[in-house]
*Asks:* 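Below you'll find the structure I mean.
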Amino acid sequence: MKNERKKFNIWTGSSLLIFIVYLIFLVYPIVTILGQALFVEGRLSLGNFIDFFSKTYYFNTLFNSFKVSLTATIFALFLGTLLAYLFSMYQFKGKKYLQILIIVASMSAPFVGAYSWILLLGRNGVITKFLMNVLHFPQIEIYGFFGIVLVFTLQLFPLVFLYVTGAFKSIDSSILEAAESMGSQGIKRFLKVILPLLTPTLLAAALLVFMRAFSDFGTPMLIGEGYRTFPVLIYTEFISEVGGNAAFASALAIVAIIIALIIFLAQKYSANKFSFSMNSLHPVEPKKVGKIKQTFIYLFVYGSISLAILPQVYLTYTSFLKTSGMVFVPGYSLDSYRNAFSRMGSAIFNTIRIPLIALVIVIIFATIISYLTVRKKNVFTSMIDSLSMIPYIVPGTVLGIAFITAFNTGIGGTKFLALTGTVFIMVISFTIRRLPYTIRSSVASLQQISPSIEEAAESLGSSRLNTFMKITVPMMTAGIVSGAILSWITMISELSTSILLYNVRTRTMTVAIYTEVIRGNYGVAAALSTLLTAITVVSLLIFMKVTKSDTITL
Amino acid sequence: MSEIRISNAKKVYDGIPVIKDLSLAIPDGSLFTLLGPSGCGKTTLLRMIAGFNTIEGGDFYFGDTRINNMEPSRRNIGMVFQNYAIFPHLTVRGNVAFGLKQKKVSKEKLEEQTDKYLKLMQIDQFKDRKPDQLSGGQQQRIALARALAVNPEVLLMDEPLSNLDAKLRVSMRQAIREIQHEVGITTVYVTHDQEEAMAISDQIAVMNLGEIQQVGRPKELYHRPANEFVATFIGRTNIIPAKLVHENNVAVVIFEDGYKMTLTDLNMLEDQDVRVSIRPEEFVRSENGEIEATIMDNVYLGLNTEYVMETTFKKRIQVSEESTFTEDLGDGDKVRLSINKLKINVFNADGTKNLLEVS
């Protein structure tokens with residue numbers, strides 16, 4: 001009986017606190033936009049939804065979104081898996097550096113890639129001009145469907161690569177040898193043995209890649225031109241200069257959430273069907289190959305990675321060009337950087353400050369949530385777990401709209417928590433959206449820790465809290481840190497929520513880059529992108545130094 | 001150091017009783033083993049003593065202290081786990097000192113105790129290393145040193161040797177036995193390996209299905225098992241169905257083929273169906289043995305040679321005898337056997353009672 005009464009302890013306390021945070025900053029905003037979407041002039045109505053589904057102009061955007069996301073996902077899966085296969089199976093030079101380049105490519109903001117590709121392949125693009133003027137090619141059309149798919153594919157296949165190389169590490173070489181001994185080799189072995197083993201990973205990667213493509217707003221905004229996708233529609237309906245329709249935008253947001261949930265559940269269902277556990281004593285050793293094969297490997301590997309990194313390289317190059325006003329002129333200078341620092345200094349500062357505050361909260365929350373869901377499993381903690389995963393799949397634009405709607409005049413219009421335009425709302429949105437990365441890797445590392453280690457500490461006279469602080473957390477550190485680096489990098493490259501929530505005081509670098517690109521101020525935008533990439537690279541290098549690992553796992 | 005007393009212990013998992021009503025007294029300073037097949041409740045019971053499992057009924061005492069509702073951290077126990085449960089982020093010394101730090105002992109005392117147990121377990125040369133650089137045997141030594149360093153009232157060991165290889169297991173169990181004798185701490189040791197239990201224990205409790213089948217010294221368990229389960233679990237045996245009858249007031253056991261054996265110890269019992277347990281080494285090969293047997297298979301194991309033989313009362317019996325250099329019996333050979341009557345056991349028809357103990 002004594003045990004029963006002691007149930008209210010630090011864990012119930014903290015889970016209650018976390019639950020309340022999610023209620024206020026996730027459930028309440030979503031319920032608010034749901035209300036806004038469903039009540040037309042004070043009456044319950046499906047009018048907003050009917051509007052959307054009955055007009056092809058609106059409805060087509062959804063169709064477009066599916067088309068680009070699906071195409072990009074398939075290409076990214078193909079490229080990423082092939083690349084991972086070559087990396088894991090064969091020896092070639094420069095692997096370590098290529099891996100870092102791949103990580104850098106995967107971690108940049110997608111719209112930065114879009115804008116760089118416009119500079120390269122757009123109407124006045126460098127390559128376009130070269131092809132047309134020197135080689136007399138016909139006009140190239142990069143805008144629209146083709147451009148979006150190109151940018152998404154090149155942006156997202158590195159993510160697939162990181163996922164799949166991780167999976168390759170858990171395949172035991174004896175499985176491949178067994179297949180070979182039974183006469184299965186080369187392509188046949190890849191299709192019949194390796195691919196089925198990779199299926200759970202590929203499904204997870206497909207979900208991530210698809211949702212990223214589906215919810216990205218910057219890329220289609222810049223390179224889509226007439227080709228409007230769903231997030232673009234949501235954004236423009238909400239923010240439109242000619243009197244945005246907030247209720248209609250809310251209805252769109254609800255549609256987006258429902259689609260995201262359906263895809264998420266479908267993925268979860270199929271992943272469960274294919275799931276199995278592997279552990280490898282002898283990871284696959286890359287082997288030497290013949291000359292012809294090697295040439296192909298080098299061409300493919302270096303070619304695809306160069307394409308992925310090309311946008312950033314080109315932006316870095318243009319950031320050092322001389323500018324006059326907004327136009328690039330011959331010669332080199334640091335003008336763009338000077339301008340960037342003088343006009344956008346606060347944005348650079350914000351990009352460090354706001355995500356850093358959010359990161360601290362992310363680490364604390366993720367540690368507690370992962371402990372609750374792994375060690376204190378019950379209905380309540382499972383609910384917190386599910387709640388924490390929702391922002392992983394809900395598009396950023398949607399969350400941004402929900403936040404503005406919910407906190408513009410405070411909760412229920414009471415001025416309490418009237419947060420719009422504050423640093424706090426930015427911090428909260430970053431935290432909520434990027435928590436899942438750290439939670440997932442913390443959970444994974446905690447599951448590796450045998451409960452008997454904690455019991456050993458307790459048997460030696462250590463209290464539960466002391467055991468948590470002195471034993472559990474230090475052992476989880478590797479998992480927490482590798483999740484935190486992902487959270488951090490995705491925070492500093494975040495655009496779709498911050499573009500809605502920012503104001504002059506809380507503008508971040510990505511927002512600044514976006515607005516400068518829209519204004520045509522390419523020099524400053526390039527300088528800022530280069531700085532952002534530099535921050536990303538430095539963060540990664542610090543991470544690798546600290547953890548002594550040469551790659552990051554997703 | 002103290003005696004452990006458990007009375008009417010009860011454990012329920014998800015509404016299913018795993019241990020219904022178990023009582024046990026573990027003498028002060030002894031090495032006491034809970035032995036049984038997996039799922040018999042031995043680890044459950046150990047974890048109830050440690051405090052990691054809740055207790056649904058009964059009383060647990062360390063000496064005079066009732067520990068039912070005490071947190072594990074306050075029970076003053078030392079525990080050694082199957083997977084070692086070494087803290088990987090602390091050095092060997094850090095691991096051993098961890099418990100003492102929790103007790104907030106003085107710095108000198110901490111150093112002295114830590115060094116003492118590092119030396120005792122012969123791991124002092126590794127004290128500044130991280131545990132992942134050490135072998136399984138060395139890690140288990142750290143675990144033992146760590147558990148002993150806090151000067152616990154009782155030492156609890158949950159299958160501590162099952163992750164080690166065969167040779168190391170034998171040398172470690174000897175080390176554990178010696179250290180336990182030296183320190184003299186009441187120890188509860190859980191294992192499913194009967195040979196290990198025999199080698200290490202002062203006393204053994206054989207468990208099955210959440211109940212204690214028998215408590216006794218290794219010798220008692222082997223020679224006078226309380227029931228058929230204990231007879232088959234401890235060592236190997238041949239169980240032969242037979243009938244107990246009385247001829248001229250003398251008890252006679254008759255096998256199915258008519259082979260008879262007088263057992264005067266059973267004179268007082270009524271006629272009934274019985275099951276006779278004969279260990280492989282109690283079948284003795286002799287020129288004028290009354291039992292005719294055919295060798296089906298023979299396995300040479302160095303010290304002993306194991307035979308599988310066919311007899312008229314049972315199709316396959318196991319027979320074991322000391323190997324000799326000149327011996328050369330092959331499959332199909334016929335031999336004659338007699339039974340060492342002094343060492344056999346006779347159980348009732350359902351195998352739950354040893355009739356030799358009743359009389």
Side-chain angles (χ1 to χ4, degrees), chain A residues 1-12 279 281 363 367 370-371 374-379 382 441-442 444-482 546-549, chain B residues 43 46-47 49-56 66 68-90 94-105 131-132 139 142-160 163:
Chain A
M1 283 302 103
K2 215 173 161 190
N3 282 356
E4 294 297 313
R5 248 180 289 132
K6 275 178 70 184
K7 283 250 161 96
F8 192 88
N9 55 24
I10 180 147
W11 297 118
T12 33
N279 54 0
L281 289 171
I363 289 173
T367 310
S370 58
Y371 188 80
V374 177
R375 292 283 196 259
K376 309 272 162 191
K377 206 169 183 160
N378 60 38
V379 185
S382 312
S441 71
S442 307
S445 80
L446 187 55
Q447 277 166 342
Q448 301 283 313
I449 302 172
S450 159
S452 61
I453 293 187
E454 287 158 27
E455 289 172 356
E458 276 182 53
S459 76
L460 293 168
S462 159
S463 70
R464 282 175 198 206
L465 190 63
N466 186 61
T467 306
F468 178 71
M469 299 303 289
K470 294 264 174 66
I471 302 294
T472 315
V473 172
M475 286 180 67
M476 284 169 70
T477 309
I480 297 172
V481 170
S482 66
V546 169
T547 59
K548 298 186 188 73
S549 75
Chain B
T43 296
L46 187 81
R47 292 172 59 84
I49 299 173
F52 299 124
N53 281 352
T54 53
I55 298 166
E56 269 75 40
R66 189 169 181 273
N68 281 44
N69 292 322
M70 233 185 240
E71 289 278 318
S73 54
R74 320 203 57 182
R75 291 190 186 194
N76 196 16
I77 51 172
M79 186 147 173
V80 178
F81 295 82
Q82 181 172 6
N83 59 357
Y84 322 138
I86 297 295
F87 308 133
H89 59 295
L90 301 178
N95 267 279
V96 177
F98 183 86
L100 293 166
K101 276 196 188 138
Q102 306 311 315
K103 291 195 163 170
K104 305 210 161 48
V105 298
D132 59 356
Q139 293 201 27
I142 303 171
L144 195 55
R146 182 178 71 177
L148 289 171
V150 292
N151 243 332
E153 262 186 87
V154 301
L155 178 64
L156 307 174
M157 308 182 94
D158 184 9
E159 308 225 9
N163 282 0

*Asks:* Of the listed residues (Arg464(A), Glu454(A), Lys470(A)), which shares the most heavy-atom pairs with chain B below a 4.5 Å separation?
*Replies:* Arg464(A)
*Asks:* Tell me whether the count of non-hydrogen atoms from other residues, nucleotides or ligands lying under 6.0 Å of CZ in Arg66(B) goes above 12.
*Replies:* yes
*Asks:* What part of Leu156(B) is in contact with chain A, defined as an atom under 4.5 angstrom from a non-hydrogen atom: side chain, backbone, both or neither?
*Replies:* neither
*Asks:* Does any backbone or side-chain atom of Ala149(B) lie under 4.5 Å from a heavy atom of chain A? Answer side chain, backbone, both or neither.
*Replies:*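 For Ala149(B), neither part sits under 4.5 Å from chain A.
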*Asks:* Please find the pair of heavy atoms, one from Ser462(A) and one from Ser73(B), that lie closest to each other, and give the distance.
*Replies:* O-CB, 3.4 Å
*Asks:* Enter the distance from Gln102(B):CD to Glu458(A):CD here, rounded to the nearest 0.5 Å.
*Replies:*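 Between Gln102(B) CD and Glu458(A) CD, I get 11.0 Å after rounding to 0.5 Å.
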*Asks:* Highest number of heavy-atom pairs under 4.5 Å with chain A: which of Ala85(B), Gly51(B), Ala143(B)?
*Replies:*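 Between Ala85(B), Gly51(B), Ala143(B), the count favours Ala85(B).
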*Asks:* What part of Arg146(B) gets within 4.5 angstrom of chain A, counting heavy atoms only: side chain, backbone, both, or neither?
*Replies:* both
*Asks:* Pro88(B) versus Met475(A): any side-chain heavy-atom pair under 4.5 Å?
*Replies:*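 Yes, their side chains come closer than 4.5 Å.
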*Asks:* Tell me the closest heavy-atom pair linking Phe87(B) and Ile453(A), and the distance in Å.
*Replies:*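 Of all heavy-atom pairs spanning Phe87(B) and Ile453(A), the closest is CE2-O, 3.3 Å.
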*Asks:* Checking side chain to side chain contact (heavy atoms under 4.5 Å, CB included) for the pair Ser459(A)/Phe52(B): CA distance, chi angles, key distance, verdict?
*Replies:* CA-CA 9 Å; Ser459(A) 76; Phe52(B) 299 124; 4.1 Å; yes
*Asks:* What do you reckon, is NZ of Lys376(A) surrounded by more than 12 foreign heavy atoms closer than 6.0 Å?
*Replies:* yes
*Asks:* Calculate, to the nearest 0.5 Å, the distance between atoms CE and CG belonging to Met79(B) and Leu460(A) respectively.
*Replies:*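 Output value for this atom pair is 11.0 Å.
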